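One structure below.
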Amino acid sequence: MTLKFDISAGEFFELVRPTVLVLSALASIWVLASARRHRFPNYVAIAWALGTLFFPLITLPLYLIARFIRHRSERPHDGKIFSSSPPPRSRVTIPLAYGAVVLSSIGFYLYWDYQSVDGHLARAAQSKLIGKRGGAIDEYRAALQLDNNPHTRKLLAMELADTGDWTGALFELRKAEEGGETDDLMAFYIATLLDSLNLPNQATLEYQRFLESRMCTQPLPDDRCAGTRVRVQAAQAERRRR
């Protein structure tokens, strides 16, 4: 399996979350109808239903055990079972009303989450994993319309650079830097783009700024510092020869 198809557990959960929510809602509705049919008090039936909605893997087995115990306790010694069904009308109306509220709430939540900044960023990450850079760029731009975040701008710049849009990538990196992006590699990224745009003098200034950053002044400098230092020294020597 290639790297671009590998996804983390968190990203996999984001993909299956709508299905999990709907299945939890359906299980919750069934529990409410079943609990009322077996004459659990209304507040107990609602508690079972809500517990199943939020913690289905825990609450549903516990409810089935409680229903089995209640069923056995209602069986008389002669083998006959007392009628335990509520009036047919309320038996259907209340679960249906509960189901309408729960499913509509889940639908609203999923729609809101889909349109949120986190939703756009999650889909951008998924698009990157499957190699759809255009989709990732669109999602980053949509996220920036909701929240002008410098880190998101940097991520957008990286995608634009990989597609060959060096001018657009440089613009986004400059905006990210103005917005306060704290990545110590910003100067190196900008210098690399300036080199790609055939602007060596401006690139040298950015490379020098990178050499003065924490990445290159710490006891164990970044691997890119040595090559950058050679690049700056060569540019300075060329300038002196002129």
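Note that the structure is a prediction, hence the values are computed from the model and not measured.
- With contacts defined as side-chain heavy-atom distances shorter than 4.5 Å, the pair Asn148/Arg153 qualifies.
- Residues Leu21 and Ile106 share a closest heavy-atom pair of O-CD1, 3.5 Å.
- Rounded to the nearest 0.5 Å, atoms CD (Gln202) and CD1 (Ile190) are 11.0 Å apart.
- Heavy-atom minimum distance, Pro150 versus Gly179: CG-O, 3.6 Å.
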Take Arg209 and Glu206 through the test salt bridge (charged side-chain N to carboxylate O under 4.0 Å, His left out) and record every step on the way to the result. CA-CA 5 Å; Arg209 190 159 66 94; Glu206 294 296 333; 2.5 Å; yes

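- Taking the ring axis of Tyr114 as reference, the NZ or CZ atom of Arg123 stays within 45° of it and closer than 6.0 Å to the ring centre.
- Proximity of Glu212 to Thr217: side-chain heavy atoms (C-beta onward) are nowhere separated by under 4.5 Å.
- Cluster membership for Leu57 and Val22, using ILVMFWY side-chain heavy atoms within less than 4.5 angstrom, is not shared.
- Between Arg70 and Arg39 there is a side-chain heavy-atom pair separated by less than 4.5 Å.
- With hydrophobic clusters built from ILVMFWY side chains whose heavy atoms lie under 4.5 angstrom apart, Leu156 does not share a cluster with Leu185.
- Leu155 is not connected to Leu170 by any chain of hydrophobic side-chain contacts under 4.5 Å among Ile, Leu, Val, Met, Phe, Trp and Tyr, and they are in different clusters.
- A distance of 6.5 Å separates CG of Leu194 from CG of Leu197, quoted to the nearest 0.5 Å.
- Considering CZ of Phe108 and CG of Asp113, their distance stands at 11.5 Å, rounded to 0.5 Å.
- Inter-residue side-chain proximity for Leu121 and Glu139 is flagged as unmet; no heavy-atom pair is nearer than 4.5 Å.
- Contact between Ser24 and Pro56 at its shortest, heavy atoms only, is OG-CG, 3.4 Å.
- Counting only heavy atoms from C-beta outward, the side chains of Glu181 and Glu177 never approach each other to under 4.5 Å.
- Both Leu64 and Leu32 sit in one connected hydrophobic cluster of ILVMFWY residues. Membership requires side-chain heavy atoms under 4.5 Å apart, directly or through other members.
- Ser116 OG to Tyr109 OH: the interatomic distance, rounded to the nearest 0.5 Å, is 8.0 Å.
- Shortest non-hydrogen contact noted between Val117 and Leu146 is CG2-CB, 3.5 Å.
- From Arg141, atom CZ reaches atom CD of Gln145 across 10.0 Å, with rounding to the nearest 0.5 Å.
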Verify side-chain contact (heavy atoms from CB on, under 4.5 Å) between Leu50 and Tyr98, making sure each step is shown before the conclusion. CA-CA 10 Å; Leu50 292 175; Tyr98 171 81; 3.8 Å; yes

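- By the 6.0 Å and 45° rule, Arg224 does not stack over the aromatic ring of Phe210.
- Nearest heavy atom pair, residue Leu62 against residue Ile58, reads CG-O, 3.3 Å.
- Between His120 and Thr152, every side-chain heavy-atom pair lies at or beyond the 4.5 Å cut-off.
- In this structure, the side chains of Leu199 and Asp195 stay at 4.5 Å or more apart for every pair of heavy atoms.
- Side-chain contact between Glu159 and Asp165: absent, with no pair of heavy atoms (C-beta onward) separated by less than 4.5 Å.
- Heavy atoms from other residues, nucleotides or ligands lying under 6.0 Å from CH2 of Trp166 number 12 at most.
- Here Arg214 contributes atom CZ and Asp222 contributes atom CG; the two are 10.0 Å apart, rounded to the nearest 0.5 Å.
- Among residues at least two apart or in separate chains, side chain to side chain donor-acceptor pair (under 3.5 Å) pairs with a member in residues 48-65 are Ser34-Tyr63.
- Under the 4.5 Å side-chain heavy-atom criterion for Ile, Leu, Val, Met, Phe, Trp and Tyr, Met215 and Met158 are members of the same hydrophobic cluster.
- Here the closest heavy-atom approach between residue Leu193 and residue Ala161 is recorded as CD2-CB, 4.0 Å.
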